S.K.: 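Sharing a structure, written as structure tokens. Questions coming.
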Amino acid sequence: MSKIEIRNIYKIFGNHPDQILPMVKEGANKEQVMEETGHTVGLDNVSISVKEGEIFVCMGLSGSGKSTLIRHINRLIDPTAGQVTVDGVDVLSLDDKEILDFRKKTMSMVFQRFGLFPHKTIIQNVAYGLEIQKVPEDQRIEIAQGQIDSVGLQGFENQYPAQLSGGMQQRVGLARALATDPQILLMDEAFSALDPLIRSDMQKQLIELQSKLKKTIVFITHDLDESLKLGDHIGILNGGRLVQVGRPEDIIMNPADDYVKAFVKDVNRSKVLRAQTVMTKKDQFDTTNINPSTIYKIDENTVIEEIIPKVLRERCTMNVVDKSGNTKGYITSDELSKALTKH
Amino acid sequence: MIKKLFTYLALPVIFIWLLITSFNASRFRPDSAAELLTDASWLYNWPRWLDIPLMKWINDWFRVFNQEYGMYFEAVNNFLLGAILSLKKFLMMLPWPLVIALVVAIVFFSSGRKLGTTVFVGICTFFIGFLHPRFWDKAIETTSIMIIGILFCILIGIPLGIAMSRSIRVRNATLPVLDLMQTIPSFCYLIPGIMLFGLGAVPAIIATVIYAVPPLVRLTDLGIRLVDTEVIEAAEAFGASKKQKLLGVQLPLALPNIMQGINQCTMMALAMVVIASMIGTRGLGDEVLLGLQQLNVGKATEAGLAIVLLAIVLDRITQAYGQKVQDRNKPPEK
């Protein structure tokens, strides 16, 4: 059972979206619709499903509809047609009061430009979600303090957002989102405004947090490296259409079209591909000519970047095993060179 | 579609009806409309019968209105007059050094303890009385009328501005009214004001509100709409209700603009209170008027200076507070 289910969402911006909908359903693309009717197609028949506890990354260039898509999940935007289900609840059927309750309890959001309240101190910002839920003040300060500690911002509680650097501000954003203990985190280009070093720092911090908290995260980005690093699954959007969904390796090994290919072209494959994807299966691999002393065991989930130097230096063979130690396959320099060759 | 068709049909109908009624009501119309076809001289100069009897309609309506509802205006008049008088009496009862001290204290705290501004405003206040002893009481009278006027402006302007920022319909309906209020010459509403409320301070307050409220409404509306959309989205994403969003996020962040609006409102109110001296409102304005009537340049200049000083004091008080709010709300560095 998936946590978030989006089915056949259409979103058309303009004065008469309903009149344009049939045209879009018949397959007119974004440019045609814009030219003929002046309406902008935000999303065109997008369906995704996000499993509980995973990071789903939604990737695309600006204008591809990824920010529009994420706002359908908490219904900051209403779709022109389609269905959104979270935890089995049809989000679109909720009335005004129910939707507020739903947003309070189920999810929170992190923004590209942080979306902090400039007139509130850091601790007031972090406690905002709880304030909206009318949690008593001493209690919400306590929770907020805990979140501030967990993102490492002790000592800044009574500063204003403008006094903090970008990276620190986004950590406040993250702490604020986590303070209400939501099951789902929506992150809209959360790290895109940060400089590269701080960004990779934040990515690491997010992965660490996620390994403890096991939230369901929908992460929006335009950066392929970021999506490969964070995503359990990646959905790639182009012009409002979903062109490919899959695990990071699927995207790299089998790009669905030229658009995805262009994205994938410059990626450092060795950082993404895992041993189990690259290996030759054990029943197809001939071990007879190999000196047993040059075989090393590695976990099937190891990223091949980690084994390349050793294989190249020692001309050794890697024995790929699963968690319980059963042999699944083998990797030699042949497998590596095949995997790293660009198509 | 139907609505559009209706407007397209209704407007010409109204126009034709207006033409016919104007023609029928005019004293100058020819004996029969057929004459218009034979005698074309009416095409050279604007014919005297082609004249909407708007003046007559308004006068008739206003007379009936005044007779029917005059007592309500009487009540409003008494209430406002009472408010002004008690405020005036209270301020006049205080010894003048205490008033100066009060002004200085207000500026000191509203400006965030800026010493320069405080001293400057204190000196300005002192000079109002120093220019001419009579000016002190007159300035207090002017200020009382303004304070009541501004209070009404705030009570009307801020809620209206909020309503405008929330609904395009309200905005579309309000904007032309604001344009009208800002372009119509002030004497046009001073006169009905006098007829409803009599001479004196109350029509001045009504005129002040009409004249000074538009910038406050506009700046409140603008201020709220200018709040960073991402910040608003953040509030919404946490499930903030409309009320929580307004009170917790939109109004505090729009405050610099709203304070600017109140500042503009204050300045315009002062201008109007001076003009209103022509309809018998007492205060610094009638000193200017007196100087004008007596061709006494010195007197008019002294009174004019006193008004400028009062303006500076009021401006500093409202401006300083806005500045303080703005410093705090500086948007995060990008």
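Naming: A, B, ... by sequence-line order, numbering from 1 per chain. As the structure is a prediction and not an experimental result, all values here were calculated from the model.
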S.K.: Aromatic contact between A/Y128 and A/F117, with the criterion being ring centroids under 6.0 Å apart: yes or no?
M.R.: yes

S.K.: Is the shortest heavy-atom distance from the side chain of B/T208 to the side chain of B/M146 under 4.5 Å?
M.R.: no

S.K.: Hey, which of A/M107, A/M109, A/Q112, A/K120 has the most heavy atom pairs under 4.5 Å with chain B?
M.R.: A/Q112

S.K.: Just give me the residue among A/L100, A/L186, A/D96 that pairs up with chain B most often, heavy atom to heavy atom, under 4.5 Å.
M.R.: A/L100

S.K.: State whether the number of non-hydrogen atoms from other residues, nucleotides or ligands found under 6.0 Å of B/F120 atom CZ is greater than 12.
M.R.: no

S.K.: Is any side-chain heavy atom of B/C265 closer than 4.5 Å to a side-chain heavy atom of B/V213?
M.R.: no

S.K.: What part of A/R75 lies closer than 4.5 angstrom to a heavy atom of chain B: side chain, backbone, both or neither?
M.R.: neither

S.K.: Can you check whether A/K66 reaches A/H222 side chain to side chain, under 4.5 Å on heavy atoms?
M.R.: yes

S.K.: Backbone N or O of B/T220 within a donor-acceptor pair of the B/Q260 side chain at under 3.5 Å?
M.R.: no

S.K.: I'd like to know if the side chain of B/S165 reaches the main chain of B/D221, judged simply by a donor and an acceptor atom lying under 3.5 Å from each other, with no hydrogens or angles considered.
M.R.: no

S.K.: Would you please go through residues 132-144 of chain A and name the residues with a non-hydrogen atom below 4.5 Å from one of chain B, in numerical order?
M.R.: A/I132, A/K134

